[in-house]
Amino acid sequence: MMRTVFDRLFRFFGPQYWWPAETKFEVCVGSILTQNTAWTNVERAIHNLKKENLLSPYAIVQVPDERLRELIRPAGFFNQKAERLKIFAKFLIDNGGFEKLSLLPLYSLREKLLNLKGVGRETADSMILYAFEKPIFVVDAYTKRLFYRMGFIDSEKIDYDVLREKVERSLPKDIELFSEFHALIVKHCKEFCRKKPLCEGCPLIDGCKFWRNGAAQGSHR
DNA sequence: CTCCGGCTAG
DNA sequence: CTAGCTGGAG
């Protein structure tokens with residue numbers, strides 16, 4: 001079931017090679033900046049930080065708040081995100097960086113990340129999977145929307161961890177698999193399973209409850 | 001539940 | 001012109 005969805009997406013879109021970043025720190029910065037924000041805007045912000053050589057924990061804690069806010073402005077919510085980046089950078093420094101933190105068991109690390117102001121479950125799991133490279137499945141609004149429409153879950157309001165565990169239980173605990181799957185879901189939901197769905201040419205249309213119910217507005221059916 | 005926000009595809 | 005964006009805190 002879950003495996004079939006992955007296979008179809010993989011065959012259709014090919015490998016996504018996520019997360020698009022040069023360093024682990026950049027992955028984490030991106031995961032904070034992209035909270036409820038279009039990635040193109042995040043790219044602008046990251047580009048600004050790179051240009052100023054600010055993509056390191058030390059640089060982030062040192063740069064004046066006002067300056068940081070200005071640089072990440074394109075990513076929106078810049079006041080809170082500037083604070084969140086500072087808090088995360090300080091956390092890394094205080095805890096021995098990725099090397100030391102990576103020694104922790106997955107769920108210990110997750111707890112530490114969740115205790116940080118500005119790091120919720122999706123952000124924490126994105127960091128764990130794509131920066132710390134430990135096997136956890138990242139759930140997001142796209143995942144809930146897709147699985148709801150496919151008929152795998154009864155509501156898009158399903159609890160984050162309930163859905164995460166549901167997916168994890170139905171697949172092998174494989175970092176590469178989880179990485180590609182989440183990336184493919186994002187890709188697919190941007191191209192087809194949008195809020196206003198574009199079902200034409202959808203690689204998952206076979207067996208999709210949403211499509212079968214004609215909920216796709218009957219515009220093309 | 002509301003606020004936080006710049007940016008752009010359509 | 002605005003819907004919608006890989007959320008999280010209070």
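Lettering of chains follows the sequences in order, A, B, ..., and the numbering in each one begins at 1.
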Rounded to the nearest Å, what distance is computed from the [atom1] atom of residue [X] to the [atom2] atom of nucleotide [N]?
{"X": "L114(A)", "N": "dG7(C)", "atom1": "CG", "atom2": "P", "value": "16 Å"}
{"X": "K196(A)", "N": "dC5(C)", "atom1": "NZ", "atom2": "C1'", "value": "16 Å"}
{"X": "N115(A)", "N": "dA9(C)", "atom1": "CG", "atom2": "C1'", "value": "14 Å"}
{"X": "L33(A)", "N": "dG8(C)", "atom1": "CG", "atom2": "C1'", "value": "14 Å"}
{"X": "I46(A)", "N": "dT6(C)", "atom1": "CD1", "atom2": "P", "value": "13 Å"}
{"X": "E43(A)", "N": "dT6(C)", "atom1": "CD", "atom2": "C1'", "value": "13 Å"}
{"X": "F88(A)", "N": "dG7(C)", "atom1": "CZ", "atom2": "C1'", "value": "16 Å"}
{"X": "Y160(A)", "N": "dA9(C)", "atom1": "OH", "atom2": "P", "value": "13 Å"}

What distance, rounded to whole Å, do you find between the two [atom1] atoms, one in [N] and one in [M]?
{"N": "dT6(C)", "M": "dA9(B)", "atom1": "P", "value": "12 Å"}
{"N": "dT2(C)", "M": "dG5(B)", "atom1": "C1'", "value": "14 Å"}
{"N": "dC4(B)", "M": "dG4(C)", "atom1": "C1'", "value": "15 Å"}

Mind checking [X] for me? I need base, sugar-phosphate or nothing, with any heavy atom below 4.0 Å counting as a touch.
{"X": "K190(A)", "answer": "base"}
{"X": "L146(A)", "answer": "nothing"}
{"X": "V42(A)", "answer": "nothing"}
{"X": "R69(A)", "answer": "nothing"}

| request: Output all residues satisfying salt bridge (Lys or Arg N to Asp or Glu O under 4.0 Å) with R145(A), sequence neighbours left out; order by chain, then residue number. | output: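 By the salt bridge (Lys or Arg N to Asp or Glu O under 4.0 Å) rule, R145(A) matches no residue at all.
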| message | Can you list everything that forms a salt bridge (Lys or Arg N to Asp or Glu O under 4.0 Å) with R149(A)? Sequence neighbours excluded, please. | response |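 Per chain and number, R149(A) pairs via salt bridge (Lys or Arg N to Asp or Glu O under 4.0 Å) with no residue.
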| task | Strictly below 4.0 Å, heavy-atom distances to any atom of DNA chain B: list the hits from residues 131-144 of chain A, or just say none. | result |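 Here the set is empty: none.
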| query | Which parts of residues 161-177 of chain A get close to DNA chain B, meaning a heavy atom less than 4.0 angstrom away? | reply |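 Hits under 4.0 Å, by residue number: none.
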| query | From dT6(C), dC5(C), dG7(C), pick the nucleotide closest to the side chain of W19(A)? | reply |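 From the listed options, dT6(C) comes nearest.
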With under 30° as parallel and over 60° as perpendicular, where do the rings of [X] and [Y] fit, or are they tilted in between?
{"X": "F152(A)", "Y": "F147(A)", "result": "tilted"}
{"X": "F10(A)", "Y": "F6(A)", "result": "parallel"}
{"X": "F137(A)", "Y": "H182(A)", "result": "perpendicular"}

| field | S102(A) side, atom OG; L109(A) side, atom CG - distance, nearest 0.5 Å | value |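 Atom-to-atom, S102(A):OG and L109(A):CG are 7.5 Å apart.
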| query | What pairs with Y107(A) under ring-ring contact (aromatic ring centres under 6.0 Å, His included), at least two apart in sequence or on another chain? | reply |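 Result, ring-ring contact (aromatic ring centres under 6.0 Å, His included) vs Y107(A): none returned.
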| Reading nucleotides 3-10 of chain B 5' to 3', which nucleotides get B (base under 4.0 Å from a protein heavy atom), which S (sugar-phosphate only), which -? | -BBBBS-S
| query | Does NZ belonging to K144(A) count more than 12 external heavy atoms closer than 6.0 Å? | reply |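 Yes, the 6.0 Å shell around NZ holds more than 12 heavy atoms from other groups.
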| field | K112(A) atom NZ, over 12 foreign heavy atoms within 6.0 Å | value |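 Count not over threshold, so no.
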| field | Heavy-atom closest contact (P74(A) atom, N41(A) atom, distance) | value |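 In terms of heavy atoms, the two residues are closest at O-CB, 3.2 Å.
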| message | Given the ring of F78(A), does R73(A) sit roughly above its face, with NZ or CZ under 6.0 Å from the centre of the six-membered ring and within 45° of the axis? | response |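 That pair qualifies as a cation-pi contact.
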| message | Using a strict threshold of under 4.0 Å (side-chain N to carboxylate O), is an ion pair present between K86(A) and E83(A)? | response |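 Looking at E83(A) and K86(A), the cut-off is not met.
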| request: Determine, step by step, whether T143(A) and D140(A) satisfy the side-chain hydrogen bond (donor to acceptor under 3.5 Å, both in side chains) criterion, reporting the C-alpha distance in whole Å, the side-chain angles of both residues, the deciding distance to 0.1 Å, and the verdict. | output: CA-CA 5 Å; T143(A) 311; D140(A) 60 4; 2.6 Å; yes
| Pick the nucleotide of DNA chain C nearest each of G118(A) and W39(A); which residue has the one closer to the 5' end? |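 So the residue in question is W39(A).
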| dG10(C) OP1/OP2 closer than 4.0 Å to side-chain N/O of K117(A) |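 Looking at the OP1 and OP2 atoms of dG10(C), one of them is under 4.0 Å from a side-chain N or O of K117(A).
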